[in-house]
Each structure stands twice: as structure tokens, then as C-alpha cells.
Amino acid sequence: MVTAPGNLIVIFGLTRYHNDMALLIKNGEIVTASERYMADILCENETITRIDRGITPPKGAEVVDAKGKFVFPGFIDPHVHIYLPFMGTISKDDYITGSRAALVGGTTTLIEMCCPARKDDALKSFELWMKQAVGKSACDFTFHMGVTKFDDKSEKQLREIVKHGISSFKIFLAYKGAFGVDDTELYRTLKLAKELGVIVTAHCENETLVSERCKELLAAGKTGPEFHEPSRPPAVEAEGVHHLMTFAELTGAATYIVHLSCKEALDQAIAARQRGVRVAVETLIQYLTLDKTYAEKLKFEGAKFVMSPPLRDKRNQEILWNGLRDGLVQTVATDHAPFDFRKQKEMGKNDFTKIPNGIPSLEERINLLYTYGVKTGKIDLHTFVNVASTQVAKTFDLFPRKGTIQPGADADLVVFDPNYRGKISVKTQSMNLDYSAFEGWKLEGRPSVVTVRGQVAVRDGKFVGKHGHGKFLQRQPSHF
Ligand code: URP
Ligand code: ZN
Ligand code: ZN
């Protein structure tokens with residue numbers, strides 16, 4: 001049982017796995033954020049030990065032929081929810097289904113939001129979230145620690161949690177009464193983060209504007225999922241970003257805006273960055289590929305596409321793709337928040353404010369980013385690797401252990417087949433859900449082999465990994 005901070009370390013220690021087997025990946029084209037070349041990769045005892053041409057396999061080594069394929073560093077999703085009690089229900093995936101889906105989709109490390117309710121104890125919540133993953137996850141994982149209340153007790157506990165290897169916090173400027181913090185709490189959280197060198201990730205929407213507009217829309221009989229977007233238009237998100245930027249400026253804390261969806265919000269982040277505010281920006285694969293017309297689908301189908309911030313007008317997609325290309329947007333995540341259409345999304349049948357928020361996409365992030373980003377020429381291969389792996393590792397204190405291919409790095413590798421052709425379907429997905437937001441979408445390329453610290457977890461696109469192999473990644477704060 002994970003009960004006390006002291007024990008946590010012991011429990012983490014138990015999850016260590018030593019692999020004496022060697023793995024050789026031959027004939028692949030290695031692509032990192034900055035380089036592209038042909039070479040073999042030798043992996044021993046969980047790490048990459050040699051990169052060279054014509055490596056002879058050591059005795060007993062497993063050999064993977066990557067001819068005609070790319071070899072990418074394992075992808076990292078910087079924003080997922082696997083265990084999420086939220087809006088009166090609980091997320092459908094767990095670390096068995098979630099880590100399997102992640103790996104099939106080429107994601108070898110998950111950064112999950114630990115989201116205690118305001119009334120909950122921070123340390124106990126951290127232990128609870130940890131318990132969901134330890135012994136179950138097939139891929140490596142860590143957490144952003146949600147700060148949903150800030151008082152003397154939680155401050156002490158946050159210091160403790162950072163000592164356990166957490167180097168990022170999460171705050172919500174939205175979800176009044178559930179996760180949202182007030183301005184005093186926001187200021188104090190950022191001051192603590194600055195002192196500890198922790199980066200603060202933030203959901204930026206003005207919660208008062210959201211709740212007032214929701215009340216107005218409902219009173220006018222506007223109850224369908226199509227009214228979710230008008231309840232929180234771009235100005236609401238831009239105000240949230242501006243608000244955070246002011247607090248970041250005055251405290252000097254490093255910040256990271258999660259799930260940025262639109263030009264108005266990006267403009268605020270860029271303006272702040274230009275005056276020296278420390279801010280990185282994350283967008284989501286959903287905002288790059290879907291738009292608000294999906295949430296307008298008839299017969300409540302639009303509920304499948306309700307998340308916050310909402311899907312936006314299509315004009316924003318080009319701005320976000322260009323932002324990735326030009327380095328204005330640093331990362332692409334999923335904010336995977338898995339709720340079924342039947343019974344869960346249906347909770348909001350007569351009131352869009354009761355539709356559990358989230359568009360599940362953990363399994364599809366990399367394939368969609370490649371097919372609709374790289375193949376269409378919107379971003380190049382290096383940007384693809386950078387925004388979905390390297391930059392995430394750098395921002396969240398995992399680099400160079402994760403996020404690149406070099407001797408000494410963890411042997412998390414994705415052998416990617418650019419000649420694969422297929423379609424997304426709920427019938428074949430690994431996520432534990434009754435729908436796919438991308439049903440029928442064409443894919444051009446997918447991971448064929450995926451390794452987690454030298455152990456093959458996906459072969460021929462199928463999960464062959466081991467639950468419990470995934471390790472908690474302890475991180476040291478660097479954002480002083
Ligand atoms: O709609 C969303 N984003 N759901 C998950 C919770 C959050 O805001 O991150
Ligand atoms: Zn959020
Ligand atoms: Zn989220």
C-alpha cells in the first residue's frame with residue numbers, strides 16, 4: 001500500500017526493471033529534433049549504448065529490421081488524464097488500457113495531471129494517483145501536481161511532493177468550485193514554484209465569464225452541445241492567458257499554458273513572452289485537426305466533441321500549425337480525458353454544462369500529427385519530433401534521458417512505418433471507449449515497433465508489452 005511519503009520511494013524502487021537482454025534496431029533512418037541519418041541502434045540494460053553503422057548483434061540479442069522505416073525517440077504526451085473523477089463521473093481508461101493505447105500510438109511516456117478536488121488532501125491525492133499507475137502502466141509516467149487549493153498545509157505538502165520527484169504543478173483558472181484557484185492562491189502557488197524551480201502548467205479560461213455565460217445561455221433555452229463554444233469564446237481564453245501572464249511577470253515563475261486553442265490566446269502569450277515573461281505554449285492535436293462545427297453535429301452527436309477550451313473556428317488551425325513551425329507553440333498534447341458517449345456524455349443531454357469535458361485521442365496523437373502535419377507539409381519531420389517528444393522532455397526535466405536518441409538515453413524508440421495505410425475506428429482502438437472522435441479518418445503511417453527502455457512493447461502495430469514495466473520518472477526542478 002502506498003500510504004506515507006517515505007514508503008513511496010520504496011514502492012517506486014520496486015518498479016525498477018532490469019533487462020539484461022540486448023536489442024538491436026538495424027537499418028533504420030534515425031530522426032531526432034535536429035538530425036536525420038541512417039544507423040543501427042544497440043540497446044542494453046534499458047539504455048541506448050551504441051549508434052553506428054553495421055553493428056553486429058551481440059549473442060542472444062533481439063534484432064528488429066527497420067529498413068524503409070523511421071526511428072524516432074519515444075513520444076511523450078505532456079498532458080493526459082487517465083484517472084479523472086470529474087463532473088460527476090469518472091474517466092473510462094485506467095493504466096492498463098491507457099498505457100496500452102499510448103504505446104500502440106507511439107507514446108512511451110505519459111505526464112498525467114494529478115487533479116485533487118478542492119476539498120482533498122494534496123499528499124493523499126498524489127499517493128492515490130500514483131497507486132493507479134504503479135504496477136499497471138506498461139509505459140513510463142510522471143505527474144503534474146494539481147494545486148486546487150493553496151493554504152499552509154498544502155504548501156508544506158507541495159514541498160514534500162516536489163522532493164518525491166515532481167517538478168511541475170498544474171493550476172486551473174477555470175472550473176469554479178471544483179479545481180479552480182482564486183487570485184491569492186494563484187499568486188502564492190507561483191511564488192512557491194519560483195522558489196522551488198518548478199514550472200506551473202495552467203488551464204487558462206476566466207471562470208466567472210464562463211459561469212455567467214453558461215447561466216445566460218441555459219436561461220435562453222440554449223442547452224445543446226453547440227452552445228458550449230459560445231459559453232467560452234476566444235476572449236474568455238485570452239483573458240485567462242493575460243491574467244496568468246500578469247501573475248507570472250510579477251512572480252518570475254516559469255509557466256506553461258496547456259491546451260491553447262486560438263489566435264487570441266496565443267497573441268497574449270506571445271506579447272507576454274516579448275516582455276520577458278517565462279511561458280511555453282501547448283496546443284492539442286484536436287485543435288489542429290477538428291473545429292467547432294463538429295460540436296454542432298445534430299442529434300447530440302456534437303457532445304463527442306465537447307472539451308474545454310472548446311473546438312474553435314477553423315481559421316485557428318493554420319495559426320496553430322504555423323505556431324508550431326515557427327517555434328511560437330512548443331508542444332502538442334492530447335489532454336486525453338476519456339468519457340463514453342453513452343451514459344457519460346449523455347449526462348448533458350438537456351444541459352451542455354453537464355457534458356463531461358474531453359475528446360479522447362491518446363492513441364491517435366502521433367499518427368494524426370504525422371498524417372495531417374508532416375505529410376501535408378505543414379511541419380517538417382524535425383518539428384514533429386521536437387513538439388511531440390524533445391521539447392516536452394526539455395520543458396519537464398526529462399531530457400536527455402527521454403526525448404532524444406543518443407548513447408545513455410533510455411531506449412524508448414518508435415520504429416515508424418511511413419508506408420502503412422489505414423483508418424481510425426472505434427472497432428480497432430485500444431482506448432476503453434465507445435466512440436472515436438476520428439472515426440474513419442485516414443492514416444498514412446503508424447508505429448510498427450515501439451520499445452520502452454529496451455523492451456519491445458508493440459510489434460506489427462500490436463501491443464505486446466508488459467503491464468507494470470512502466471516506471472515512475474522522478475524529476476528534478478530546473479526552472480529557478
Ligand atoms: O475538456 C477538457 N480539457 N477536459 C479535461 C480537463 C481539463 O480541463 O484539462
Ligand atoms: Zn484543462
Ligand atoms: Zn487536462
Side-chain angles (χ1 to χ4, degrees), residues 76-93 98 102 110-118 129 141-148 168-181 186 200-207 210-211 214 225 227-229 231-232 236-237 240-241 243-244 255-262 265 281-288 290 292 294-295 302-312 331-341 344-345 347-348 352-362 365 392 396 431 433 437:
I76 308 169
D77 195 329
H79 180 174
V80 301
H81 303 270
I82 303 295
Y83 174 65
L84 181 63
F86 184 48
M87 296 182 76
T89 186
I90 185 147
S91 50
K92 276 295 298 298
D93 274 315
L110 295 175
I111 312 187
E112 189 186 3
M113 300 291 175
C114 171
C115 291
R118 231 180 126 68
W129 256 260
F141 57 91
T142 179
F143 302 94
H144 302 299
M145 185 61 214
V147 183
T148 47
S168 46
F169 293 158
K170 167 72 187 287
I171 50 163
F172 292 88
L173 305 188
Y175 304 128
K176 209 171 195 156
F179 299 138
V181 290
L186 172 61
V200 179
T201 72
H203 176 137
C204 296
E205 288 182 300
N206 181 299
E207 62 178 5
V210 172
S211 68
C214 283
F227 295 107
H228 178 68
E229 202 276 343
S231 77
R232 44 226 302 159
V236 168
E237 188 181 342
V241 171
H243 198 78
L244 178 77
T255 56
Y256 174 97
I257 298 164
V258 299
H259 51 39
L260 184 135
S261 71
C262 60
V281 171
E282 165 197 286
T283 192
L284 305 183
I285 192 64
Q286 296 92 320
Y287 301 138
L288 293 163
L290 302 169
K292 70 176 185 184
Y294 285 83
K304 294 177 178 172
F305 303 91
V306 165
M307 67 174 302
S308 298
L311 296 177
R312 300 295 189 193
T331 62
V332 176
T334 58
D335 189 11
H336 181 67
F339 298 105
D340 272 343
F341 179 60
Q344 292 190 300
K345 293 277 186 184
M347 289 163 64
F352 70 88
T353 66
K354 296 197 167 65
I355 299 170
N357 284 202
I359 305 179
S361 47
L362 176 56
R365 177 182 63 132
V392 181
F396 294 115
M431 299 182 294
L433 284 155

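One is the number of the first residue; the rest follow in order along the sequence. All ligand and atom numbering here is 1-based and tracks the order in the structure. This one's a predicted model, so the numbers in the text were calculated from it and none came from an experiment. Side chains included, hydrogens not; waters and symmetry mates left out as well; all remaining heavy atoms used.
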Checking K304 against K345 for the side-chain contact (heavy atoms from CB on, under 4.5 Å) test, could you report, in this order, the C-alpha distance in whole Å, the side-chain angles of both residues, the deciding distance, and whether it holds?
CA-CA 7 Å; K304 294 177 178 172; K345 293 277 186 184; 5.6 Å; no

If only side-chain N and O atoms count, and only distance matters, is there a donor-acceptor pair under 3.5 Å linking D77 with H336?
no

Just need the protein heavy atom nearest to atom 4 (N) of ligand 1, so name the residue and atom and give the distance.
N357 O, 3.3 Å

Determine whether the side chain, the backbone, both or neither of D335 has a heavy atom under 4.0 Å from any heavy atom of ligand 1.
side chain

To make sure I understand the geometry: which N, O or S atom in H203 is closest to the Zn ion (ligand 2)?
ND1

Over 60° means perpendicular and under 30° means parallel, so tell me whether Y256 and F396 are parallel, tilted or perpendicular.
perpendicular

Confirm or rule out an N/O/S atom of H79, from backbone or side chain, lying less than 2.8 Å from the Zn ion (ligand 3).
yes

For D335, what is the atom name of its N, O or S atom nearest to the Zn ion (ligand 3)?
OD1

M113 and ligand 1 - part of the residue with a heavy-atom distance under 4.0 Å:
neither

Tell me whether R232 is salt-bridged to E237, with the criterion being a basic N under 4.0 Å from an acidic carboxylate O.
no

Tell me, please, if H81 has any N/O/S atom, main chain or side chain, under 2.8 Å from the Zn ion (ligand 3)?
yes

I'd like to check which ligand 1 atoms, numbered from 1 as shown, lie under 4.0 Å from a non-hydrogen atom of G358.
1 (O)

Assign the ring pair F86 / F339 to parallel, tilted or perpendicular, where the plane angle (0 to 90°) is split at 30° and 60°.
tilted

Which residue and non-hydrogen atom of the protein lie closest to atom 8 (O) of ligand 1, and at what distance in Å?
Y175 OH, 2.7 Å

In ligand 1, which numbered atoms sit nearer than 4.0 Å to a non-hydrogen atom of S308?
1 (O), 2 (C), 3 (N)

For the pair F352 and H228, name the ring-plane relationship: parallel under 30°, tilted 30 to 60°, perpendicular over 60°.
perpendicular

Could you tell me whether H203 and Y175 have their ring centroids closer than 6.0 angstrom?
yes

Write down the atom of D335, the atom of S308, and the distance for their closest heavy-atom approach.
OD2-O, 4.3 Å

Under 4.0 Å from a heavy atom of A337: give me the atoms of ligand 1 that qualify, with their elements.
4 (N), 5 (C)

H203 contact mode with ligand 1 (heavy-atom cut-off under 4.0 Å)
side chain

